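Please read all numbers here as calculations on a predicted model, not as lab measurements.
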Amino acid sequence: MTKQERIELEAAAFRNLVSHLSSRKDVQNIDLMTLAGFCRNCLAKWYKAAADDMDIPMSIDQAREAIYGMPYADWKDKYQKDATPAQQKAFEDSQKQSGS
């Protein structure tokens with residue numbers, strides 16, 4: 001595999017991940033953090049960091065919009081729910097297990 005092929009495969013996998021997360025608005029970020037240790041906000045921060053590394057001008061708001069498919073404030077208003085006590089406890093327990 002060439003370097004360019006690897007880059008294209010990684011980009012396709014990333015697009016599929018973002019698309020999948022976009023189709024699963026029912027999955028809350030706290031659940032992603034609890035189960036996988038990352039969420040949509042993490043992806044946005046990694047996206048922004050990659051832009052910074054490549055000297056591509058991008059704000060965190062632009063990065064979030066690329067990941068959420070809309071302005072972050074709109075996504076929060078439409079889809080984000082308050083964490084339930086059970087979700088909060090599961091998240092806290094997962095942080096203890098991971099040493100974070």
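For A83 against I30, the heavy-atom pair with the smallest separation is CB-CD1, 3.8 Å. Residue A63 comes nearest to A44 through the heavy atom pair CB-O, 3.4 Å, listed as atom of the first residue, atom of the second, then distance. In terms of heavy atoms, T34 sits closest to Q87 at OG1-O, 4.3 Å.
Within the model, atoms NZ of K45 and SG of C39 stand 7.5 Å from one another, a figure rounded to the nearest 0.5 Å. The line from CE of M33 to CG of N29 is 8.5 Å long, rounded to the nearest 0.5 Å. Note that CG of N41 is 4.0 Å distant from OH of Y72, once rounded to the nearest 0.5 Å. One finds the NZ atom of K25 at 9.0 Å from the NZ atom of K78 (value rounded to the nearest 0.5 Å).
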Between F38 and L43, does a side chain to side chain contact (heavy atoms under 4.5 Å, CB included) hold up when you go through it step by step? CA-CA 8 Å; F38 78 97; L43 284 176; 4.2 Å; yes
Show, in sequence, the C-alpha distance, side-chain angles and deciding distance for W75 and R40, and conclude whether the side chain to side chain contact (heavy atoms under 4.5 Å, CB included) test is met. CA-CA 11 Å; W75 193 92; R40 293 171 183 89; 3.8 Å; yes
Apply side chain to side chain contact (heavy atoms under 4.5 Å, CB included) to residues V18 and R15 and explain how you reach the verdict. CA-CA 5 Å; V18 171; R15 287 190 299 271; 5.8 Å; no
Decide yes or no on side chain to side chain contact (heavy atoms under 4.5 Å, CB included) for V27 and Y79, but give the supporting numbers first. CA-CA 9 Å; V27 178; Y79 304 109; over 6 Å; no
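At a cut-off of 3.5 Å, with distance as the only test, no side-chain donor of Y68 or D74 sits close to an acceptor on the other residue.
Hydrophobic clustering, with ILVMFWY side chains joined whenever heavy atoms are under 4.5 angstrom apart, groups W46 together with F14. L17 and L9 fall into different hydrophobic clusters, where Ile, Leu, Val, Met, Phe, Trp and Tyr residues are linked whenever their side-chain heavy atoms come under 4.5 Å apart, directly or through other members.
For N16, the CG atom counts as densely surrounded, since its 6.0 Å shell holds more than 12 non-hydrogen atoms of other residues, nucleotides or ligands. Environment of NZ in K89: sparse, with no more than 12 heavy atoms of neighbouring residues, nucleotides or ligands closer than 6.0 Å.
We find that R6 and E10 are joined by a salt bridge, their nearest charged nitrogen and carboxylate oxygen being less than 4.0 Å apart.
H20 is listed as a side-chain neighbour of S23, based on a closest heavy-atom distance under 4.5 Å. D52 places a side-chain heavy atom less than 4.5 Å from the side chain of K48. The side-chain heavy atoms of Q62 and P57, taken from C-beta on, include no pair separated by under 4.5 Å.
When atom types are taken as modelled, the side chain of Q28 and the backbone of K81 share a donor-acceptor pair closer than 3.5 angstrom. S94 contributes a side-chain N or O that, together with a main-chain N or O of F91, makes up a donor-acceptor pair within less than 3.5 Å.
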